Amino acid sequence: MPELPEVETTCRGLRPRVVDRLIAAVHVREHRLRWPVPRHLGRTIRGTRIRAVDRRAKYLLLGTDVGTLILHLGMSGSLHVVAADSPAGKYDHFEIVFSDGNCLRLRDPRRFGCVLWTTKDPASHPLLSALGPEPLSGALTGGYLYARSRGRRVSVKSFIMNSDIVTGIGNIYANEALFTAGIHPQRRAGQVSLQRYTRLADSIKATLEQAIRAGGTTLRDFSSEDGKPGYFQLQLRVYGREGALCPRCQGGIRRRMVAQRSSYFCPQCQR
DNA sequence: ACTGGCTCCTGAGGGC
DNA sequence: TGCCCTCAGGAGCCAG
């Protein structure tokens with residue numbers, strides 16, 4: 001489900017509702033997420049407070065007085081702040097109960113998400129330490145993508161979805177950004193010019209910024225922490241639109257599997 | 001060092 | 001109604 005805009009939307013929504021709240025209890029109904037939820041978590045963080053909510057790539061970092069929770073929403077995860085006495089659903093695997101009567105609940109039907117713990121700088125955690133730059137930072141430039149891609153034969157779409165290269169870009173926004181930049185998703189990463197990578201870097205930033213402004217994309221079930229859906233699906237130009245007309249040339253949008261993921265593109269506009 | 005393919009898991013939707 | 005298939009917003013891991 002969530003790519004960078006959805007995680008950022010969740011992060012911003014969460015912040016005012018959990019920062020400085022006292023942790024009264026932790027409930028783990030299902031330990032079997034992508035990695036087991038640490039057994040000691042309740043004992044460790046009870047009685048402390050959430051001090052910060054940050055995002056790195058698609059990870060959410062909840063800083064407490066004694067360490068940092070590292071959360072990932074996987075494909076189907078979402079976080080909501082609800083009344084602590086509201087009934088938990090079948091897929092509400094994890095929750096932090098606060099002394100203000102609310103709780104932060106993780107729902108994740110597919111269980112590809114995770115809840116991990118570190119007492120060190122989270123940036124040095126093995127899952128985070130090798131990540132590439134944030135796409136909305138000044139570090140993502142055409143020159144950077146060009147330099148990293150020389151000699152690489154993977155498709156440019158796989159290349160920009162690789163979090164070692166640049167973080168946060170999933171299948172929806174990869175398709176959208178490549179359309180905007182006029183680059184065919186199957187073109188080899190090493191065969192894209194500097195000029196075109198400059199356009200692509202701009203397209204990635206613009207696409208993600210627009211999506212954040214719209215509150216993310218809701219295809220099936222994404223909703224922000226307060227339960228509101230995103231609206232960027234109304235602005236999607238190619239994703240999920242096989243057979244529809246290209247908004248630029250009125251040709252037909254095609255769908256093809258690229259590296260096991262559905263890719264949508266206009267064969268006229270994208271080369 | 002790269003690359004493609006597989007994997008974890010549940011649910012929705014289509015064809016028969 | 002049920003069965004079987006494919007696909008779904010991620011990304012770590014493995015063999016070649």
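Note that the structure is predicted; figures quoted are calculated from it, not measured. Convention: sequence-line order gives letters A, B, ...; per-chain numbering from 1. The basis for the numbers below is simple: all heavy atoms, side chains too, and nothing from hydrogens, waters or symmetry mates.
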Roughly how many Å is it from [atom1] in [X] to [atom2] in [N], rounded to a whole number?
X	N	atom1	atom2	value
A:Leu33	C:dG10	CG	P	18 Å
A:Arg111	C:dG12	CZ	P	19 Å
A:Ile212	C:dG9	CD1	C1'	15 Å
A:Asp108	B:dC8	CG	P	16 Å
A:Met161	C:dG12	CE	P	12 Å
A:Glu3	C:dA8	CD	P	13 Å
A:Arg107	C:dG9	CZ	P	18 Å
A:Phe222	C:dA8	CZ	C1'	16 Å

Regarding [X], tell me which of base, sugar-phosphate or nothing describes its non-hydrogen contacts under 4.0 Å with the strands shown.
X	value
A:Arg34	base
A:Arg255	sugar-phosphate
A:Ser158	nothing
A:Phe159	nothing

More than 12 heavy atoms from other groups under 6.0 Å of [atom1] on [X]:
X	atom1	value
A:Arg150	CZ	yes
A:Arg241	CZ	yes
A:Gln195	CD	no
A:Arg51	CZ	yes

Hey, is the side chain of [X] poking within less than 4.0 Å of OP1 or OP2 on [N], counting only N and O atoms?
X	N	value
A:Tyr173	C:dG10	no
A:Ser76	C:dA8	no
A:Arg110	B:dC8	no
A:Arg261	C:dA8	no
A:Arg32	B:dC8	no
A:His72	C:dG10	no

Of A:Arg256, A:Gln270, A:Lys157, the residue whose pairing with A:Gln186 passes side chain to side chain donor-acceptor pair (under 3.5 Å):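 The single option meeting the side chain to side chain donor-acceptor pair (under 3.5 Å) with A:Gln186 is A:Arg256.
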Under a 4.5 Å cut-off applied to non-hydrogen side-chain atoms, are [X] and [Y] in contact?
X	Y	result
A:Tyr59	A:Leu71	no
A:Phe159	A:Leu145	yes
A:Arg148	A:Val166	no

Nearest-neighbour nucleotide for the A:Leu127 side chain, C:dG12, C:dA8, C:dG10 considered: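 Between C:dG12, C:dA8, C:dG10, the one nearest the side chain of A:Leu127 would be C:dG12.
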Nucleotide nearest A:Trp35 when distance is taken to its side chain, options C:dG12, C:dA8, C:dG9: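 Selected nucleotide (nearest to the side chain): C:dG12.
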Within 45° cone and under 6.0 Å: A:Arg248 NZ/CZ vs A:Phe179 ring: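 That pair qualifies as a cation-pi contact.
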Ring centroids of A:Phe112 and C:dA11 base under 5.5 Å with planes under 30°: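 Not stacked by the 5.5 Å and 30° rule.
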Distance between C1' atoms of B:dT3 and C:dG9 (Å, rounded):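 Their C1' atoms lie roughly 24 Å apart.
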For A:Thr167 against A:Ala57, the heavy-atom pair lying closest together: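 Distance-wise, the nearest heavy atoms are CB-CB, 3.4 Å.
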Watson-Crick and G-U pairing of DNA chain C written in dot-bracket, each distance under 3.5 angstrom, with | for inter-strand partners: .|||||||.|||||||
Derivation of the salt bridge (Lys or Arg N to Asp or Glu O under 4.0 Å) call for A:Glu95 and A:Arg29: CA-CA 8 Å; A:Glu95 72 188 26; A:Arg29 298 193 181 80; 3.2 Å; yes
Of A:Arg220 and A:Arg152, the one whose closest DNA chain B nucleotide lies more 5':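 Residue closer to the 5' terminus by nearest nucleotide: A:Arg152.
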A:Arg237 and A:Thr180: side chain donor to acceptor below 3.5 Å: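 Yes, because at least one side-chain N or O of A:Arg237 sits under 3.5 Å from a partner of the opposite role on A:Thr180.
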Ring centre gap for A:Phe232 and A:Tyr239 strictly below 6.0 Å: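 No, ring centres 6.0 Å or more apart.
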Of residues 140-151 of chain A, the positions that come close to DNA chain B - non-hydrogen atoms, cut-off under 4.0 Å: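 Under 4.0 Å from DNA chain B: no residue of residues 140-151 of chain A.
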Close approaches to DNA chain B from residues 227-241 of chain A, in residue order (heavy atom, under 4.0 Å):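 Output list: empty, so none.
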